[in-house]
Amino acid sequence: METTAAASARPADILVGLTPAQLQAVSHVAGPLLILAGPGSGKTRVVTHRIANLLQQGIPGKQILALTFTNKAADEMKARLARLVPLPTVWMGTFHRFCARLLRQYASYVGLEENFSIYDVEDARRMLAEALADEGVELTHATPDGVAHAISWAKNNLLTPEKYEPRRGHYLGGIVEKVYPAYQNRLLQANAVDFDDLLLHVATLLRENAELRARLDDRYRYILVDEYQDTNLAQYAIVRALSIDHPNLAVTGDPDQSIYGWRGANLSNILEFEKDFPNVRVVRLEQNYRSTKAILRVADELIRHNVRRKQKDLFTDNPEGPPVRLITYPTQRDEADHIAATIAGQVQAGRRRPRDFAIFYRTNALSRQLEHALRDHVLPYQIVNGLEFYQRKEIKDVLAYLHLLNNSRSDVALLRIINVPARKIGKASVARLAEYARMKGLPLLEAARRSGLIEDLGKGAALAIARFVALYDRLGESVHDPVEELVGRVLTDTGYREVLENSESEEDQERLANIEELLTAAREFDIRNPGGGHLEQFLEESSLVADTDAWESEVDRVTLMTLHAAKGLEFPCVFIVAVENGLLPHERSMHDEEKLEEERRLMFVGITRASEELQLSHADYRAFRGLACPTVPSPFLMELPRHEMDCLGFTGRKTTPDWVGDLEPQAHADADDASQLVDRDEEFVQEDPDAVPGSKRKRSTSPALTSGLITAADLLTKQSRPRVSPSVFKHGMVVDHPDYGPGTIIALSGEGTKRNAVVRFFSDQSERTFRVAFSDLTPAEVE
DNA sequence: TGTGAGTTGATTTTT
DNA sequence: TCAACTCACA
């Protein structure tokens, strides 16, 4: 079909170069669509091209909704769509984010206020512990974890406290029946939700408000759901409710990659999609464009052992590639060392770059030895997860202040910070305060306002609490300021920074560095959301980020992550470690056929991330709680086509095949030449800050050290210049002003020439705001 | 009230 | 292995 050149250019871009199957999916417009996409089959390409095509067909972007499971996936989709279509107004994001947004609008429908807090797992756990105590429940045969999981399961299956019915004689069920209502009540009292509530509340909202449901159905006429195999009942209900009048629902997924059953994901959703939606068009994307034939065969053989699946034929036109390696190491240490040595060898030989490699493991705890080994071989790496940035104590402390400022009913936040830093409000006083609050049915903060009236409270404690409330109110005056400024004030006025600065401990210095990162994150947020008054949104964003979001594809580092986090990614060389019985499959999943299949899928996901080379390994001995224990190889290994793989026992002395890299010389260099190691180590550390943009969360080898280095270096170079660069000024810094004398920077906000600093001067405690770039402020002399 | 030593108990995966 | 929690003491 010939049209004018200008008009035809775009459609041609979008539809060109697609296989018949892909084209079928991309050009599908109305009605339900199921895309069964095997690994590496170009799924993201199909999805983005299809959205572009919808837009091309004149469908307004506002009517399109694309739901993903991770922010990373959403960002990736956005980026790729942006290359196809200018400025799409399509809403793309995670289920949880979408629900949070909807819930803010309709909070009152479910008994919340719009400024509700989102509690993370730890917050929710605390609240659950209180609920357990409240109900006087003693756990004998269950853990709090188990109870939390059961409640989460109920919520994911749309069981509200009223609807929950335990199986008869089921111990855990009986506990849940008692505690679940109390827990939910507390959440409501605190004007808070947990992660599961985001979905549950929205599902409820849609079910109980026909008119609202119809309105939203009409608004989101074209819905896409990525990773549909991982949806749970609540998510299913939401998507379903929005696709009744306009059943233009397109889902993509792969039953073989469903790895979130433990989170309530229901494989039936995808397996029975065709029953749910009559007239569905099914497109199968089976050709793999990622992996070599050798890798794909291994993946295929493994997954064939699953019974509950849709048979799919994986094939590729890619080259055969080297055989998949299966190595047995004596110990976990040898495993880690040898992998690091192999990578180092390849990198030094110039054959590969660090970023070409990924190491996957079943549990986070397994990352430690690998980290050590990589560090020993001076290889830069990024580790996804570990201790998540937003889960760190200092970050949670500061955020708790913000949470309480945003939602004064958030008792969990108050409990967290009422005595942090220490202000002489001890456990006993807090307990009395809580008791008073409980009796009067007040949020803790309200109770604290009346501390003078609480009889049980000693004079000193009452006064300390009153001071805390005064501090809170003072900070409250700044809630509409830019977030970075608010965080700065919190750090200064609460004395939090001062305590850390005065501390000698290494740990606290690291905390300071982390807080510096939080300030950077706040600053970046302010830049994206100018004008201030977006505290709530900032908190929401920080609650809903996941650790996998921290992974950066651009950085030249070896990637370490769990198999779960690996989904959706791709690397030339992949190592999967600890393929041992009890770890993969995990022992908690070993004895249940359904769970075992999920473990097999997990391994399948890991294998199919590799495009060129794959190594599976296990060790004869592995440390378990500090003790070396003999291991048993994973039964999954027996299911692989071992006759065509490179199966090797490893002694460390044997002549090694050429792919092993130069193990011997490497080991010698490290052992013999300690000074060289140190030198290279320093190099690595100095490189670090540049390689990692400020706001990104990852466990760096030594945040305190690295950021100390930049700051000091920064200061030295900048100070020698005639004009002081604005970037010199940091939160908490002591500065000099020709007219007002010395003072402390208590807050900073804005950027470039508009960057403002609020300085509190020592002489009269007055606060003044300066445009940093044009002020006469100078950093005070450091002795 | 805060601190430090000592004990205990737990470790799957994540929005 | 390690972090969180308890208990005794200042």
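The sequence lines fix the lettering, A, B, ..., with proteins before strands; numbering per chain opens at 1. We use all heavy atoms of the structure for the numbers below, so side chains are in, but hydrogens, waters and symmetry mates are not.
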Sugar-phosphate only, base, or nothing, as touched by A:Phe195 at under 4.0 Å among non-hydrogen atoms: base
Rounded interatomic separation in angstrom, taking CE from A:Met590 and P from B:dT13: 17 Å
Under 3.5 Å side-chain donor-acceptor pair for A:Ser268 and A:Tyr236: no
Nearest-neighbour nucleotide for the A:Asn364 side chain, B:dT12, B:dT13, B:dT1 considered: B:dT13
Of A:Glu598 and A:Ala461, the one whose closest DNA chain B nucleotide lies more 5': A:Ala461
A:Phe575 ring center near A:Tyr361 ring center (under 6.0 Å): no
Nearest atoms (heavy-atom pairs only) where A:Ser258 meets A:Glu598: O-CG, 3.8 Å
A:Ala565 side chain, from C-beta outward: closest of B:dT14, B:dT15, B:dT12: B:dT14
Touch class at under 4.0 angstrom, heavy-atom based, for A:Ser543 against every strand present: nothing
Centroid distance under 5.5 Å and plane angle under 30°, A:His586 vs B:dT12: yes
Gap between atoms CZ and P, on A:Arg101 and B:dT15 respectively (whole Å): 20 Å
A:Tyr106 and A:His201 aromatic centres sub-6.0 Å: no
Atom-to-atom span, NE2 of A:His149 to C1' of B:dT15 - whole angstrom: 13 Å
Worked verdict on A:Arg362 versus A:Glu599 for side chain to side chain contact (heavy atoms under 4.5 Å, CB included): CA-CA 10 Å; A:Arg362 176 65 232 264; A:Glu599 297 283 310; 2.6 Å; yes
Spacing between A:Leu563 atom CG and B:dT14 atom P, to the nearest angstrom: 10 Å
Proximity of A:His586 and A:Trp262 rings by center, below 6.0 Å: no
Return the polar atom pairs (N/O with N/O) between nucleotides 2-8 of chain B and the protein under 3.5 Å, or none.
{"residue": "B:dG2", "atom": "OP1", "partner": "A:Lys424", "partner atom": "N", "Å": "3.3"}
{"residue": "B:dG2", "atom": "OP2", "partner": "A:Asn419", "partner atom": "ND2", "Å": "3.2"}

Under 5.5 Å and under 30°: A:Phe69 stacked on B:dT15: no
Geometric class of the A:His96/A:Phe195 ring pair [parallel <30°, tilted 30-60°, perpendicular >60°]: perpendicular
C:dT6 and B:dT11, which share atom name P, separated by this distance in whole Å: 16 Å
A:Thr562 vs B:dT14: side-chain N/O to OP1/OP2 distance below 4.0 Å: yes
Heavy-atom neighbours of A:Arg240 CZ exceed 12 at 6.0 Å: yes
A:Trp153 CH2 - B:dT12 C1' separation (whole Å): 20 Å
Touch class at under 4.0 angstrom, heavy-atom based, for A:Tyr260 against every strand present: sugar-phosphate
Protein-nucleotide distance (A:Lys393, atom NZ; C:dC5, atom P), rounded to Å: 12 Å
Distance in angstrom units between A:Leu583 CG and B:dT12 C1', rounded: 10 Å
Distance test, side-chain N/O of A:Arg588 to OP1/OP2 of B:dT11, below 4.0 Å: no
Between P of B:dT14 and CG of A:Asp197, the distance in whole Å: 21 Å
